[in-house]
Amino acid sequence: MPTFDSDGVTIAYTDEGAGPPVLLIHGFASNKTVNWRATGWVKTLTEAGYRVITIDNRGHGESQKLYDPEAYKTTLMAADAARLIDHLGLPRVVAHGYSMGARITAFLALAAPEKLAGVILSGLAGNLVHGVGGGPIAEALRAPSLESVTDRNARAFRLFADQTKSDREALAACILAARQTLTVDDLASITLPTLSVAGSEDVISGSVDELVSWLPNATGVTLPGKDHMSAVGDKGHKAAVLDFLSARAALSDGWQNP
């Protein structure tokens with residue numbers, strides 16, 4: 001598994017396929033394999049003619065585990081993604097983030113828009129501004145057993161972390177720091193072409209329509225009947241992303257040149 005040094009933190013990634021590059025940034029307690037490969041995204045995108053890069057965010061998957069919440073500020077996690085783009089020598093990518101990955105992608109768009117040809121924010125929409133509480137999730141991750149967790153949402157994350165065999169202490173540190181919100185003015189400054197996708201039943205994401213109203217160059221797709229987990233690999237989700245990527249490729253010469 002290839003890795004690189006991101007300002008002293010070892011970050012794991014994959015890089016496969018050929019064509020315009022797409023960087024996939026996974027959600028909290030997930031990893032590049034669970035979020036993107038097991039759900040068919042890597043296969044779908046490579047077969048459609050894209051170069052697909054997946055990253056394990058710090059504290060997740062095969063990347064280095066850190067235990068200080070200060071190490072998981074979203075600005076630092078976005079910097080990891082920016083350094084991976086530079087490490088691979090790519091002029092620009094389309095960045096697609098899910099849930100926490102969408103937050104990281106939005107911060108990346110604010111910090112380094114010149115590295116991006118487009119932005120896809122999935123599984124986190126209006127709550128990029130309103131926020132999502134992380135305290136109960138941290139408590140669930142640190143609980144002695146799943147049976148002792150009573151909060152329904154927190155219990156789902158604890159179960160997911162156990163299923164993915166994650167380092168729960170690293171995840172607890174991450175959830176306590178990595179959920180910084182954006183302001184409406186922040187979003188107004190993201191002028192890159194943007195796609196927002198989330199399920200209609202996704203209580204973690206918030207409203208797609210609300211997010212699109214704050215972004216100057218955005219379209220949105222709400223997936224009927226899908227919640228935060230079922231929206232990830234949904235065929236309607238993939239179709240919306242492929243349409244967005246196809247339009248970007250047609251307009252920007254494979255987005256390799258500004």
Side-chain angles (χ1 to χ4, degrees), residues 22-48 50 52 54-57 60-61 94-106 108-109 118-134 137 152-161 163-164 166 171 175 178-179 181-182 187 193-215 218-246:
V22 181
L23 173 61
L24 303 178
I25 306 176
H26 66 77
F28 176 72
S30 191
N31 55 57
K32 60 187 181 313
T33 300
V34 171
N35 205 144
W36 302 116
R37 191 172 300 278
T39 54
W41 277 102
V42 172
K43 183 176 186 288
T44 295
L45 293 174
T46 54
E47 289 183 350
Y50 296 98
V52 179
T54 67
I55 185 173
D56 270 340
N57 294 313
H60 295 73
V94 168
H96 179 190
Y98 195 84
S99 193
M100 180 184 74
R103 178 180 288 106
I104 293 168
T105 299
L108 176 61
V119 173
I120 304 170
L121 306 174
S122 297
L124 192 60
N127 284 345
L128 274 169
V129 169
H130 301 307
V132 182
I137 297 172
R152 182 178 178 181
N153 185 43
R155 182 183 174 88
F157 277 101
R158 168 60 184 263
L159 178 61
F160 187 55
Q163 290 172 341
T164 56
S166 298
L171 293 183
I175 199 67
R179 294 197 164 204
T181 57
L182 295 167
L187 293 171
T194 302
L195 172 66
S196 171
V197 185
S200 64
E201 308 307 307
D202 188 343
V203 297
I204 292 172
S205 167
S207 167
V208 167
D209 290 341
E210 189 173 37
L211 177 60
V212 168
S213 74
W214 295 326
L215 290 160
T219 56
V221 173
T222 299
L223 305 170
K226 300 299 178 181
D227 61 17
H228 197 67
M229 296 302 181
S230 62
V232 181
D234 178 68
K235 64 181 181 180
H237 189 177
K238 292 187 177 80
V241 168
L242 287 172
D243 286 346
F244 178 82
L245 293 174
S246 178

Indicate the atoms forming the closest heavy-atom contact of [X] with [Y], along with that distance.
X	Y	value
V119	A109	CG2-CB, 4.0 Å
G206	N127	N-ND2, 3.5 Å
V34	A38	O-CB, 3.7 Å
H96	S122	NE2-OG, 2.9 Å
G199	A231	N-CB, 4.1 Å
V232	W41	O-NE1, 2.8 Å

By side-chain hydrogen bond (donor to acceptor under 3.5 Å, both in side chains), which residues pair with [X], not counting sequence neighbours?
X	answer
T105	none
S213	none
N31	none
S166	T164

Any side-chain heavy atom of [X] sitting closer than 4.5 Å to one from [Y]?
X	Y	value
F157	I204	yes
I55	K32	no
L121	L195	no

> What pairs with L242 under side chain to side chain contact (heavy atoms under 4.5 Å, CB included), at least two apart in sequence or on another chain?
Replying inline: T44, L45, A48, Y50
> Who passes side chain to side chain contact (heavy atoms under 4.5 Å, CB included) against V212, sequence neighbours left out?
Replying inline: S196, V208, A218
> Taking only residues at least two apart or on different chains, which pairs with a member in residues 201-212 satisfy side-chain hydrogen bond (donor to acceptor under 3.5 Å, both in side chains)?
Replying inline: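 The answer is H130-E210, D202-H228.
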>> According to salt bridge (charged side-chain N to carboxylate O under 4.0 Å, His left out), does anything in residues 33-46 pair up with another residue at least two apart or in another chain? List the pairs.
In response: E16-R37, K43-E47
> Taking it one step at a time, do V94 and I120 satisfy side chain to side chain contact (heavy atoms under 4.5 Å, CB included)?
Replying inline: CA-CA 8 Å; V94 168; I120 304 170; 4.0 Å; yes
> Mind checking what makes salt bridge (charged side-chain N to carboxylate O under 4.0 Å, His left out) contact with K226, not counting sequence neighbours?
Replying inline: D234
> Run the side chain to side chain contact (heavy atoms under 4.5 Å, CB included) check on L128 and T181 step by step: do they pass?
Replying inline: CA-CA 6 Å; L128 274 169; T181 57; over 6 Å; no
In Å and rounded to the nearest 0.5 Å, what is the [atom1] to [atom2] distance from [X] to [Y]?
X	Y	atom1	atom2	answer
I137	R158	CD1	CZ	13.0 Å
N35	T39	CG	OG1	6.0 Å
M229	S30	CE	OG	8.5 Å
T33	D56	OG1	CG	6.5 Å

>> Below 30° counts as parallel, above 60° as perpendicular, anything between as tilted: where do the rings of Y98 and H237 land?
In response: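 Answer is tilted, since the angle falls between 30° and 60°.
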>> Before you tell me yes or no, could you show the steps for S246 and D243 under side-chain hydrogen bond (donor to acceptor under 3.5 Å, both in side chains), namely the whole-Å CA-CA distance, both residues' side-chain angles and the distance that decides it to 0.1 Å?
In response: CA-CA 5 Å; S246 178; D243 286 346; over 6 Å; no
> Which residues satisfy the ring pair (Phe, Tyr, Trp, His ring centres under 6.0 Å) test with H26, sequence neighbours excluded?
Replying inline: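 Partners of H26 under the ring pair (Phe, Tyr, Trp, His ring centres under 6.0 Å) test: H60.
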>> The test is side chain to side chain contact (heavy atoms under 4.5 Å, CB included); show your working for F160 and F28 and say whether it passes.
In response: CA-CA 10 Å; F160 187 55; F28 176 72; over 6 Å; no
> Do side-chain atoms of T222 reach the backbone of S200 as a donor and acceptor pair under 3.5 angstrom?
Replying inline: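 No, the answer is negative, given that no donor and acceptor are paired below the 3.5 Å cut-off.
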